[in-house]
Trainee: 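Structure below; questions to follow.
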2 protein chains.
Amino acid sequence: MIQLSTRDRIIKEADRLFYERGFDNTSFSEIAETVGISRGNFYHHFRTKDEILAAVIGERLAARRHLLEAWEARDTDAVSRIRSFIHILVTNQSKIMRYGCPVGTLCIELGKLDHPLQGEANKVMELFRAWLRRQFEALGCAKDAEDFAMHVLAFSQGVAVLASTGGDKEFIQREVKRMNQWIEEVAAGAIKF
Amino acid sequence: MIQLSTRDRIIKEADRLFYERGFDNTSFSEIAETVGISRGNFYHHFRTKDEILAAVIGERLAARRHLLEAWEARDTDAVSRIRSFIHILVTNQSKIMRYGCPVGTLCIELGKLDHPLQGEANKVMELFRAWLRRQFEALGCAKDAEDFAMHVLAFSQGVAVLASTGGDKEFIQREVKRMNQWIEEVAAGAIKF
DNA sequence: GTCTATAGTATGATAGAC
DNA sequence: GTCTATCATACTATAGAC
C-alpha cells in the first residue's frame, strides 16, 4: 500500500465530493477538511476551482479508459464486453441509488452552470459511446452500431436517474436483465432497428 | 391575456431559471432582476429560498397533473396516452437538448444537496409513474404495469440526459420511434417481461 | 407593495511566515 | 509543503422608509 501524495489525496476526495454533493455545492473548505489540510495548503496544489475540476475529470477519464481496456482484455466476445458495461449498474448499485451516475450528473450540472470544462466532462461519455460502438461493430452491426451504442448509454443513464429518485434494487436488476436480453437479440440479428 | 400577479411572475421566472441554471446556482438577485423588481420586494413575497422552491415544485405538480388529465380526456385508448407521454421528448426537444429534463435534473440536484424538499420534487416523478402504471393496467398488463411504467420513465430520463450531452435531434427521434414500437409490442401481448 | 440600506455569513482566492 | 491570517465578493436574509 503506497502512500498517496497530498495532490492525489485531494483529487481523490474532490472526486468523491463532486459526485456525492455536486461540483458547485462542494467548497474548498470541505475538500481541505476531508483531506486534513488547511485551505492555504490547498491553494498550493490547485490555484483555482476549475483546476481541480480539470484534474478530477482527467482522473475519471484515465480510470474509465483502464476499465474498458481491462474488459477488452478479459472478455473475448463483444456481447460479454457490452454486458460488462451494463453490469456497472449492479456493481455500483448502492452509490447509484443515492447519487445517480457520476458521469451523467456532472455533465448535466456543468451544462447548467455553463461551465468551460463542460466539453471535458462530456469526453467521458464520449469514451463510453465510442467503445460501445466498436463492440457493436464487432458484432456485425456496422450500420446501426452508433445508434445501438447511444441506446445502451441512454438506457444506463435512465436507470441511474430513476434509481436515485425512488427506485429500488429490484428495479435496477429488472432493467439490467431486460437490457441483456435486448443485447442477445441484437447479437442474434433479430433486431434491425 | 390576464396580467400575472408579481408572485406568479416570480414563480414563473424562478421555474425557468431553476431549470436552465439549476436551483443552487440561481440567486435571488437573478430572479428579482429577471422579474424586474428589487431584492427587498422579492422578500415580501417569499421569505426564504426554500419557500420559492416549494412554490415552483407545487406549480410544476399542478401543471403536469393538468397535462395528464388533458391527455386522458383527449386520448381514448391507453396506447395513445402513453405515446402522448413519450412525445414530450419531441415537443420539448430543443430545451431538453440544452438542459435535460426539468423533473429529473431537479430531483438529482436536490438529492446531492440533501435538500429537505427532495421528497416534494420526487412527487412529480411519482405522478408520472402512477399515471403510466394506470395506462398499462388499462392495457391488461396488471402484473407488469408497475415494471413497464418504470421502464418508460427510465427511457425518457435516459434520452433526456444523453440528448443534453452530445445527442442530436435524430437521436431523440430514433429513440422515440423505438419506444413507440415497444409499446405496440406490449399492447399486442408480445412482451412478457 | 415597493423600495434602499445593511447585517451576517460563506465563498474563492492571496500574502507571507515557518 | 504547510500553516495562519486576510481580502474582496456574492449570497441569503432583515429592517425600515415611502
Side-chain angles (χ1 to χ4, degrees), chain A residues 2-59 106 109-110 112-118 120-121, chain B residues 2-59 106 109-110 112-118 120-121:
Chain A
I2 301 158
Q3 186 80 5
L4 286 174
S5 68
T6 304
R7 188 192 152 87
D8 286 340
R9 274 161 58 219
I10 291 173
I11 295 177
K12 194 185 158 195
E13 291 303 324
D15 191 350
R16 208 199 79 235
L17 289 168
F18 288 173
Y19 174 34
E20 297 179 1
R21 308 189 188 183
F23 166 69
D24 202 48
N25 191 231
T26 301
S27 67
F28 275 25
S29 311
E30 278 177 305
I31 305 174
E33 201 181 338
T34 310
V35 175
I37 58 169
S38 70
R39 257 177 313 177
N41 189 6
F42 191 100
Y43 280 93
H44 172 73
H45 297 279
F46 296 96
R47 294 233 300 270
T48 68
K49 206 178 178 184
D50 289 0
E51 238 175 67
I52 178 155
L53 176 61
V56 166
I57 294 174
E59 171 59 33
L106 183 65
E109 183 183 359
L110 296 187
K112 299 210 187 226
L113 297 178
D114 205 18
H115 197 284
L117 289 175
Q118 201 181 335
E120 286 303 305
Chain B
I2 299 158
Q3 186 80 5
L4 287 174
S5 70
T6 302
R7 190 192 151 87
D8 286 340
R9 274 161 57 217
I10 290 174
I11 296 177
K12 194 185 158 194
E13 291 301 323
D15 191 350
R16 207 198 78 235
L17 289 169
F18 288 173
Y19 174 34
E20 297 179 1
R21 309 190 186 183
F23 166 68
D24 203 47
N25 189 45
T26 302
S27 67
F28 275 27
S29 310
E30 280 177 305
I31 305 174
E33 200 182 336
T34 310
V35 174
I37 58 170
S38 70
R39 257 178 312 178
N41 187 7
F42 191 102
Y43 279 93
H44 172 73
H45 297 280
F46 295 96
R47 295 233 298 270
T48 69
K49 206 179 177 184
D50 289 0
E51 238 175 67
I52 177 157
L53 176 61
V56 165
I57 294 173
E59 171 59 32
L106 184 66
E109 184 183 359
L110 296 187
K112 299 211 186 224
L113 297 178
D114 205 18
H115 197 283
L117 289 174
Q118 200 181 336
E120 286 303 304

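Here is how names work: the chains are called A, B, and so on, in the same order as the sequence lines, proteins then strands, and each is numbered from 1.
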Trainee: Without decimals, in angstroms, what is the distance between A/D24 CG and C/dG12 P?
Mentor: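 The answer, rounded to whole Å, is 8 Å.
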
Trainee: I want to check one thing: is the phosphate of D/dT2, taken as OP1 and OP2, less than 4.0 Å away from some side-chain N or O of A/T6?
Mentor: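 Answer yes for this pair, as a side-chain N or O of A/T6 is under 4.0 Å from OP1 or OP2.
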
Trainee: Distance check needed: D/dC3 P versus A/H45 NE2, whole Å only.
Mentor: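 For the pair A/H45 NE2 and D/dC3 P, the rounded distance is 9 Å.
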
Trainee: Just the rounded figure in Å: distance from P of D/dC3 to CD of A/E33.
Mentor: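 For the pair A/E33 CD and D/dC3 P, the rounded distance is 13 Å.
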
Trainee: Are side-chain N/O atoms of A/D50 and A/H115 paired as donor and acceptor at under 3.5 Å?
Mentor: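 The answer is yes; a qualifying pair exists.
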
Trainee: Take atom CG of B/N41 and atom C1' of D/dA15, then tell me their distance rounded to the nearest Å.
Mentor: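 For the pair B/N41 CG and D/dA15 C1', the rounded distance is 15 Å.
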
Trainee: Would A/F18 and A/E109 satisfy side-chain contact (heavy atoms from CB on, under 4.5 Å), going step by step from the backbone distance to the final call?
Mentor: CA-CA 10 Å; A/F18 288 173; A/E109 183 183 359; over 6 Å; no

Trainee: Nearest to the side chain of A/Y43, heavy atoms from C-beta on, is which of D/dG1, C/dG12, D/dT12?
Mentor: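 Between D/dG1, C/dG12, D/dT12, the one nearest the side chain of A/Y43 would be C/dG12.
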
Trainee: Roughly, in whole Å, what's the span from CD1 in A/I31 to P in C/dA13?
Mentor: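 Taking CD1 of A/I31 and P of C/dA13, I get 11 Å after rounding.
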
Trainee: Between A/R47 and A/E30, who's closer to the 5' end of DNA chain C by nearest nucleotide?
Mentor: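 Upstream on the strand: A/E30.
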
Trainee: Return yes if some donor-acceptor pair links the side-chain N/O of B/R21 with the main-chain N/O of B/T26 below 3.5 Å, else return no.
Mentor: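 No; judged by distance alone, with no hydrogens or angles, the pair does not exist.
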
Trainee: To the nearest Å, how far apart are A/R39 CZ and D/dT6 P?
Mentor: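 Those two atoms, CZ and P, are 13 Å apart.
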
Trainee: Indicate, with a heavy-atom threshold strictly under 4.0 Å, whether A/S38 touches base, sugar-phosphate, or nothing.
Mentor: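 It contacts base atoms.
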
Trainee: Using atom NZ of A/K49 as one end and atom P of C/dA10 as the other, report the distance to the nearest whole Å.
Mentor: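 Distance check: A/K49 NZ to C/dA10 P gives 16 Å.
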
Trainee: Atom CZ of A/F23 to atom P of C/dT11: distance rounded to whole Å?
Mentor: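 One finds 14 Å between P of C/dT11 and CZ of A/F23, rounded.
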
Trainee: Students often get this wrong, so: under 4.0 angstrom with heavy atoms, is A/S5 touching a base, only sugar-phosphate, or nothing?
Mentor: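 No contact.
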
Trainee: Using the benzene-type ring in the case of Trp, are the ring centres of A/F46 and A/F28 under 6.0 Å apart?
Mentor: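 A/F46 vs A/F28: aromatic centres not under 6.0 Å.
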
